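Report on the following structure.
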Number of protein chains: 2
Amino acid sequence: MAGQHTLNETESEVASRLGGLKLDFEAMAVTSNLFRAANSVRNHLERTVLAKSDLTWTAFVVLWVVWIWEPIETRGIAAEGGFSKATLSGVLTTLEGRGFLTRERSTSDGRLVLVSLTPAGRRLMKKLFPEFNAEERNITRHITTGDLPQAAQILRDLISATE
Amino acid sequence: MAGQHTLNETESEVASRLGGLKLDFEAMAVTSNLFRAANSVRNHLERTVLAKSDLTWTAFVVLWVVWIWEPIETRGIAAEGGFSKATLSGVLTTLEGRGFLTRERSTSDGRLVLVSLTPAGRRLMKKLFPEFNAEERNITRHITTGDLPQAAQILRDLISATE
DNA sequence: CGATAATCGTTCGGGCCCAAATTATCGGCA
DNA sequence: TGCCGATAATTTGGGCCCGAACGATTATCG
């Protein structure tokens with residue numbers, strides 16, 4: 001939203017549209033930049049690291065969560081990854097079809113489904129995750145305002161304000 | 001990704017999976033929280049402000065960009081909103097069908113399409129945007145680490161690192 | 001001028017995304 | 001034991017999302 005125009009250009013345009021209504025431009029800048037940043041980082045990582053394995057961002061997150069916590073229940077993956085169970089079901093089917101993970105009904109509770117990686121899934125993550133993390137480091141080292149833990153904390157503040 | 005588990009739990013699990021490979025956990029925390037924050041804020045604003053007008057986040061961003069810069073070319077909306085032209089085409093068709101905006105082929109350059117709001121679209125934004133901004137303010141006031149301009153700058157650093 | 005390259009918006013195919021409805025299972029309680 | 005509300009995962013339906021391919025238009029340059 002703050003694309004090729006400067007913040008001031010946008011602000012004066014907005015102000016003229018609203019005829020002097022009181023607006024919080026600092027809050028606007030934060031949410032606007034939050035989305036541009038998230039999308040930009042996501043697309044960048046998909047192109048630079050994930051594309052060669054034909055993985056989407058969400059598929060990678062699912063594999064990562066399962067890799068760390070296997071065996072893990074479906075609801076746990078959704079909560080950990082931050083998307084709905086409906087979304088997850090489709091992604092699991094995709095990844096199961098590619099042979100990266102398995103679904104198995106729990107014996108102690110017939111409602112639960114336990115997800116685990118296959119050996120191929122584990123091999124993929126062992127190769128991919130270090131590359132992914134190297135690129136994460138590469139991106140975040142451009143943060144010159146404050147330090148990284150502070151950046152992480154600001155984002156956590158936003159999460160707790162909305163969850 | 002940093003859901004119900006603490007960062008330390010996740011870190012030790014990751015470390016055990018990678019057997020001592022060097023990882024940048026601070027960078028991990030930033031990108032992980034970036035996505036949780038963006039999704040969380042998006043879902044929150046969709047539920048609290050946008051749902052009553054039956055608008056998705058992206059549809060709202062499109063309306064906002066057109067509202068500020070009309071008449072604006074399709075490519076401009078996509079660049080300003082941060083999504084692909086393919087995505088935009090579908091959203092424009094949806095919003096055009098609901099009578100919030102119009103498409104018009106440019107007379108000076110037959111390749112371009114100029115988008116403008118209808119009176120109904122302008123009425124909608126005039127009502128909706130102040131509500132939206134009030135909720136943005138409500139969310140961002142929970143940022144206690146540093147100040148808002150600093151938060152915006154950190155996010156801009158991430159954008160410029162990946163665009 | 002005419003061929004060729006560049007640019008713009010759309011369409012297509014496959015995948016993600018969510019709320020609501022659905023199916024199956026579990027737990028409690030008379 | 002038999003019902004009944006709660007819980008888990010999936011399916012459904014509508015919409016967003018992108019890269020690649022496409023048709024139309026414009027710009028370039030010999």
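This one's a predicted model, so the numbers in the text were calculated from it and none came from an experiment. Lettering follows sequence order; numbering is per chain, from 1.
If you check every strand for non-hydrogen atoms under 4.0 Å, B/R42 touches sugar and phosphate atoms only. Looking at heavy-atom distances under 4.0 Å, B/S89 makes contact with a base. A/T87 comes within 4.0 angstrom of a base, heavy atoms only. Using a 4.0 Å heavy-atom distance criterion, B/R103 is classed as a sugar-phosphate-only contact. At a threshold of 4.0 angstrom between heavy atoms, the contacts of B/T58 are confined to the sugar-phosphate backbone, with no base atom among them.
For D/dG30, the paired nucleotide is C/dC1, the pair qualifying as Watson-Crick or G-U wobble because both relevant distances are below 3.5 Å.
Put simply, CG on B/L88 is 11 Å from C1' on C/dT10, counting in whole angstrom units. In this entry the distance linking CG of B/D54 with C1' of C/dA20 reads 14 Å, nearest Å. Summarising the geometry, the separation between CZ on A/R47 and P on D/dA20 is reported as 11 Å, rounded to the nearest angstrom. Straight-line distance from the CG atom of B/L95 to the C1' atom of D/dG14: 15 Å, rounded to whole Å. Here D/dG23 presents its P atom at 18 Å from CZ of B/R111, a figure rounded to the nearest Å. The nearest whole Å value for the distance from the CG atom in A/D109 to the C1' atom in C/dG28 is 15 Å. Rounded to whole Å, atom P of C/dC17 lies 14 Å from atom CD1 of A/I77. Atom P of nucleotide C/dG15 and atom CG of A/L92 are separated by 15 Å, given to the nearest angstrom.
Minimum atom distance to the side chain of A/A86 is reached by D/dT12, of the listed C/dC17, C/dT25, D/dT12. Of all nucleotides listed (C/dG9, D/dC18, C/dC16), C/dC16 comes nearest to the side chain of A/T94. Nearest to the side chain of B/T74, among C/dC16, C/dT10, D/dC18, sits C/dT10. Checking C/dC18, C/dG9, D/dC18 against the side-chain heavy atoms of B/K85 singles out C/dG9 as nearest.
Counting heavy-atom neighbours within 6.0 Å of B/K52 NZ, excluding the residue itself, gives a total above 12.
Nearest-nucleotide positions on DNA chain C for A/S108 and A/F83 put A/F83 closer to the 5' end. Nearer to the 5' terminus of DNA chain D, by closest-nucleotide assignment, is the contact made by A/T93 (compared with the other of A/T93 and A/N43). Sequence order on DNA chain C of the closest nucleotides to A/S106 and A/V91 puts A/V91 first from the 5' end.
Between B/F129 and B/F60, the angle of the ring planes stays under 30°, which puts this pair in the parallel group of the 30/60° scheme.
Here A/W57 and B/F35 bring their ring centres to under 6.0 angstrom of each other.
Connection of B/I159 to A/I139 is not established within any shared hydrophobic cluster, with ILVMFWY side chains joined at heavy-atom distances below 4.5 Å, either directly or through further cluster members. One hydrophobic cluster, built from ILVMFWY side chains closer than 4.5 Å, holds both A/I143 and A/I154. Following chains of ILVMFWY side-chain contacts shorter than 4.5 Å, one cannot reach B/L114 starting from B/I68, and the two form parts of different hydrophobic clusters.
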